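Structure first, commentary second.
Every heavy atom of this structure was used, including side-chain atoms; hydrogens, water molecules and symmetry mates were not. Note that this is a predicted model, so its numbers are computed, not measured. Just so you know, ligand 1 is whichever comes first in the structure, and atom 1 is the first atom listed for that ligand. Start at 1 with the first residue, then count along the sequence.
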Amino acid sequence: MRPVYGLVDIPLLKVSPRAKRAAAPAFNPTKQYAFHYDAAEHRRQPHVVKFSGGRSSGMLLFTMLENGILQPERGDVVVFNNTSAEHPATYDFVRRCQRLTEQKYGVPFFWTEFQTYEDVIGGEWTRLPSYRLVLPSEYSENNPDGYHCRGEVFEELLSWQRFLPTQFQRICTVQMKITVTREFLSDWFAMKPKTRRLGHYYGRGMMDDDSVIRMHRKYRGGTPDEILLDKAAFVRGRPWFRPAQNFAEYSQAAHPFHNETLQGKSIGDRVPLSGDDCADYAAFVGFRADEQARVMRMKARNFDRGEYESAADPHTVLPEGEYVYAPLADIGVGKADVFAFWEKQKWDLRLPAQLNYSNCVFCFLKGAQTLAEITANREKAEEKLPKKLRAQPNTPADIHWWAGMESKYGRDLKREGRKILNAETAGKKPFIGFWGINGKMSYRRLAEAHTVAALAQIGAEDSALPCDCTD
Ligand code: SF4
């Protein structure tokens, strides 16, 4: 196998138009595999790698790069959606992957973040969702374009929506990942050097208390004013506009490209991703062969195209022009193969393989047992990391941050003055947290009873669900 710039034993994928996709065989790293496009036109469309920041996406990315499947001239691009709730070691890994992708292979790799901006809708000041490009260096007053890692992006979402995500309403995945990628691609596919500015020019936030309340009432919201304004305070303190951003300032590999399949698709300086004349593109995700549920959903989505509704939120119709590939699953790469791949490299994601730290560190969908394991083993795991990669207190790599968000943005139904009709709930202090109403699980409980045995004693349900953030 060819050694590459710090990476060895990259699986070989030969692009073959005639290869038949068989049921995933056991992966053999010494074998040459065939990769084929499901439709001939996919080869000409821009390729988008949805990079989650984990080892599987890393293996997928370098397998594609080393086998020449990504081409910058076609408009191919790698996108990482930062939620500001990842572990510092994840950010370090993403940075290394970006550097190698851009310097050795010349393929642009962007860090993106959810961001709102102020605008007038129906005569009322409000905030609308969008995204911004960020640099791969940490945000500070002196580095205002850097990425956030202290929960600011996540909290902006909660404060804007004024409620928490739950397994039934995964607003975090929908807004911070699916929608951000979609918005970014609408700009990128326009083949222009920069994004447009969003928001007004007044030089200060224009939303006042009355406009927050009026907008809430307009949409039949019944939250009392004081609670509503408390929850809206954080988002009102965030930037009220999104500047125009030059792609080349955020990726050293971003150069003008021309893809004929995108020609004439732009409306203004954006390309629609749904509708009759939307942009078509091939998306690549790091699903493995042991994640068949995700793979099956992906295939159903490819088949249904615009008809498919996201499992994350039934109201979100995913881009109609997107066709998703999962090459690792196709060649039978499982979890153990991914670890074996990274063990051979000179660098790796410096987080313990046995603990599920991936994506948002304390994601509520990881289940009680996994969260308890992370909490119980965190100190030891952190000690093994270099100081600059250790989790900081009061950031999302600390469970107390999540407990704080739950208490601030959860819903105390009695305080809201709601009628409690459910007899079981009536005598309690009804509260809707990340685990729904009156669940035995909460981040406060987890922080207090941070062993698996202690959690069993309080009867916390182990409701692990796939977070499926890149789906
Ligand atoms: S990892 Fe979990 S908390 Fe983070 S965006 Fe995904 S579903 Fe939400």
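Residue Cys360: no N/O/S atom is found under 2.8 Å from atom 2 (Fe) of ligand 1. Taking backbone and side chain together, Cys363 holds no N, O or S atom under 2.8 Å from atom 8 (Fe) of ligand 1.
Looking at heavy atoms from C-beta onward, Pro396 lies out of side-chain contact with Phe154 at the 4.5 angstrom threshold. Looking at heavy atoms from C-beta onward, Ile432 lies out of side-chain contact with Leu164 at the 4.5 angstrom threshold. By the 4.5 Å heavy-atom criterion applied to side chains, Tyr250 and Trp111 are not counted as neighbours.
Listed by chain and residue number, Phe114, Arg127, Glu156, Trp160, Val235 satisfy the side-chain contact (heavy atoms from CB on, under 4.5 Å) test with Thr116 (two or more places apart in sequence, or in another chain).
Within ligand 1, the atoms closer than 4.0 Å to a non-hydrogen atom of Asn359 are 1 (S), numbered from 1 in the order shown.
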